[in-house]
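Model, not experiment: these values are computed from the prediction. No hydrogens, no waters, no symmetry mates; every other heavy atom, side chains included, goes into these values. Proteins come first, then strands; the chains are lettered A, B, ... in the order of their sequence lines, and each starts at number 1.
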There are 2 protein chains.
Amino acid sequence: MFGDAKDKALKKLRKDMRSGLYSFLVLTILEREGELHGYAIRKKLEEFSDGRLVPSEGALYDILKSLKKYKLVDNFWAEVGGRPRKYYRLTELGREVLAELKGEIGEIMLILKRMEGLE
Amino acid sequence: MFGDAKDKALKKLRKDMRSGLYSFLVLTILEREGELHGYAIRKKLEEFSDGRLVPSEGALYDILKSLKKYKLVDNFWAEVGGRPRKYYRLTELGREVLAELKGEIGEIMLILKRMEGLE
DNA sequence: AACTATACCTCGAAGTCCGATGTATGGAGG
DNA sequence: CCTCCATACATCGGACTTCGAGGTATAGTT
């Protein structure tokens with residue numbers, strides 16, 4: 001019926017809904033998995049979300065940069081198989097912030113359910 | 001302990017998580033309530049979300065502009081109490097898109113629960 | 001020799017949210 | 001009467017984000 005316009009609108013709104021969660025997801029993955037490099041973080045996100053909540057590579061590096069700026073993650077270089085790899089890990093601050101965010105995500109989900117009348 | 005840095009980080013991440021939902025929420029409110037003007041949309045969002053998921057005024061007008069661009073809402077002027085009011089309403093396309101988004105929000109919530117290990 | 005996957009990164013385009021600011025009306029309280 | 005507040009609309013600049021495209025490089029597979 002609306003074809004093209006509908007696809008464009010859905011693409012945009014889907015993107016918006018996902019993108020606000022990326023920082024949270026990266027922190028969550030690092031908490032579960034410990035130390036990972038960028039590429040591996042993306043693979044883990046694919047695995048855990050069935051490919052639904054995965055930022056593009058460019059976006060992921062921007063997100064990691066931002067998380068580092070806020071001191072929620074830090075990074076170190078390690079030689080693996082003779083090549084340098086950039087590893088990221090949660091800071092203590094990151095762990096604290098993540099704990100609070102989990103609670104808030106729960107609250108947001110409740111509000112959404114109430115609004116949609118999903119229950 | 002971390003005080004300032006923690007507040008800044010939380011503020012940023014909270015904002016990111018909320019902001020992706022705004023378009024969806026505005027569409028949902030318009031579906032429930034019919035025709036509303038900008039100010040009233042904000043009031044309704046405050047009411048339904050206990051003040052948790054409410055964009056600033058400036059942001060709301062940008063959102064409405066964007067939704068109009070994607071033809072998910074349209075608007076008309078009406079005289080109320082002798083003064084012109086700009087009313088917004090869902091288009092047929094908006095209704096279709098909203099229906100699909102509801103399903104996706106459900107899926108995202110499931111993924112989040114699985115990741116957090118909340119269940 | 002070509003390709004794919006792994007792994008890192010930068011850049012520009014387009015868009016977003018917010019805070020500040022501006023305009024204007026109606027009603028309540030002093 | 002006059003000031004303040006809630007209502008109601010809107011724009012602007014700043015800071016930031018995501019993405020897609022492109023670039024660099026190595027290791028293993030076909």
Side-chain angles (χ1 to χ4, degrees), chain A residues 8-27 35-47 51-70 72-73 75-88, chain B residues 7-27 35-47 49 51-70 72-73 75-88:
Chain A
K8 275 197 189 117
L10 274 172
K11 193 180 166 193
K12 180 227 181 291
L13 292 175
R14 275 191 199 115
K15 182 190 129 186
D16 287 351
M17 294 196 305
R18 284 189 325 251
S19 59
L21 298 170
Y22 287 156
S23 295
F24 172 75
L25 293 172
V26 169
L27 294 176
E35 293 152 356
L36 293 174
H37 54 255
Y39 199 86
I41 292 173
R42 242 185 127 242
K43 291 287 152 198
K44 283 287 171 192
L45 283 175
E46 269 175 18
E47 186 187 324
R52 274 198 187 77
L53 297 174
V54 190
S56 72
E57 270 196 69
L60 178 58
Y61 286 110
D62 286 339
I63 289 159
L64 288 167
K65 217 178 287 173
S66 160
L67 290 176
K68 197 185 166 188
K69 196 183 85 182
Y70 283 95
L72 304 179
V73 307
N75 61 266
F76 59 96
W77 289 89
E79 290 276 330
V80 178
R83 277 174 302 161
R85 290 280 172 267
K86 193 173 187 176
Y87 279 88
Y88 296 87
Chain B
D7 289 344
K8 275 196 189 120
L10 274 171
K11 192 179 168 194
K12 181 226 183 293
L13 293 175
R14 276 191 198 115
K15 181 188 133 184
D16 287 351
M17 294 196 304
R18 285 191 324 250
S19 60
L21 298 170
Y22 287 156
S23 295
F24 171 75
L25 293 172
V26 170
L27 295 176
E35 293 152 355
L36 293 174
H37 55 254
Y39 200 84
I41 293 173
R42 242 186 125 241
K43 290 288 150 196
K44 283 286 171 194
L45 282 175
E46 269 175 19
E47 186 187 323
S49 76
R52 274 199 188 74
L53 298 174
V54 189
S56 74
E57 270 197 71
L60 178 59
Y61 286 110
D62 285 341
I63 290 159
L64 288 168
K65 219 177 284 173
S66 162
L67 290 175
K68 195 184 166 188
K69 197 184 85 186
Y70 283 95
L72 304 179
V73 306
N75 60 266
F76 60 96
W77 289 88
E79 290 277 328
V80 179
R83 277 175 300 161
R85 289 279 173 269
K86 193 173 187 178
Y87 279 86
Y88 296 88

Closest to side chain of [X], choosing from [options]:
X	options	value
Y39(B)	dA10(D), dC19(D), dC9(D)	dC9(D)
K12(B)	dT17(D), dC9(D), dC17(C)	dT17(D)
R85(B)	dG20(D), dT25(C), dA8(D)	dA8(D)
Y22(A)	dC19(D), dA5(C), dA10(D)	dC19(D)
K15(A)	dT18(D), dT11(D), dC18(C)	dT18(D)
H37(B)	dC19(D), dC9(D), dC18(C)	dC9(D)
A59(B)	dG15(C), dC18(C), dC9(C)	dC18(C)

If you look at every strand shown and take non-hydrogen atoms under 4.0 Å, does [X] touch a base, only sugar-phosphate, or nothing?
X	result
R42(B)	nothing
G38(A)	sugar-phosphate
K69(A)	sugar-phosphate
Y70(A)	nothing
S56(B)	base
P55(B)	sugar-phosphate

Has [X] got a side-chain N or O lying under 4.0 Å from the OP1 or OP2 atom of [N]?
X	N	value
R18(A)	dT17(D)	no
Y61(B)	dT11(D)	no
K65(B)	dT11(D)	yes

Nearest whole Å is fine: how far is [N] [atom2] from [X] [atom1]?
X	N	atom1	atom2	answer
D16(B)	dG15(C)	CG	C1'	14 Å
L60(B)	dT7(D)	CG	P	15 Å
N75(A)	dC8(C)	CG	P	10 Å
L21(A)	dT18(D)	CG	C1'	14 Å
M17(A)	dC19(D)	CE	P	13 Å
L64(B)	dC17(C)	CG	P	11 Å
I41(B)	dA10(D)	CD1	P	11 Å
I63(B)	dA10(D)	CD1	C1'	15 Å

Assign each of P84(B) and S19(A) the nucleotide of DNA chain D bearing its closest heavy atom; nearer the 5' end lies the nucleotide of P84(B)
Please step through side chain to side chain contact (heavy atoms under 4.5 Å, CB included) for the pair K65(A) and Y61(A), ending with a clear verdict. CA-CA 6 Å; K65(A) 217 178 287 173; Y61(A) 286 110; 5.5 Å; no
Using heavy-atom distances to pick each residue's nearest nucleotide on DNA chain C, tell me which of K86(A) and S66(B) is more 5'. K86(A)
Measure distances between side-chain N and O atoms of D62(A) and base N and O atoms of dC16(D), and say whether any donor-acceptor pair falls under 3.5 Å. no
Between the base of dC9(D) and the side chain of E57(B), is one N or O donor paired with an acceptor at under 3.5 angstrom? yes
Would L60(A) and V54(A) count as a side chain to side chain contact (heavy atoms under 4.5 Å, CB included) if you check the C-alpha gap in whole Å, the side-chain angles of each, and the deciding distance to 0.1 Å? CA-CA 9 Å; L60(A) 178 58; V54(A) 190; over 6 Å; no
Which class fits the ring pair Y87(B) and H37(B): parallel under 30°, tilted 30 to 60°, perpendicular over 60°? perpendicular
From L21(B) atom CG to S49(B) atom OG, the distance as rounded to the nearest 0.5 Å: 10.5 Å
Which distance, rounded to the nearest 0.5 Å, do you find between the CZ of R42(A) and the CD of E47(A)? 14.0 Å
Would you find more than 12 non-hydrogen atoms of other residues, nucleotides or ligands less than 6.0 Å from K12(B) atom NZ? yes
Show the nearest heavy-atom pair for residues P55(A) and I63(A), with the distance to one decimal. CB-CD1, 4.1 Å
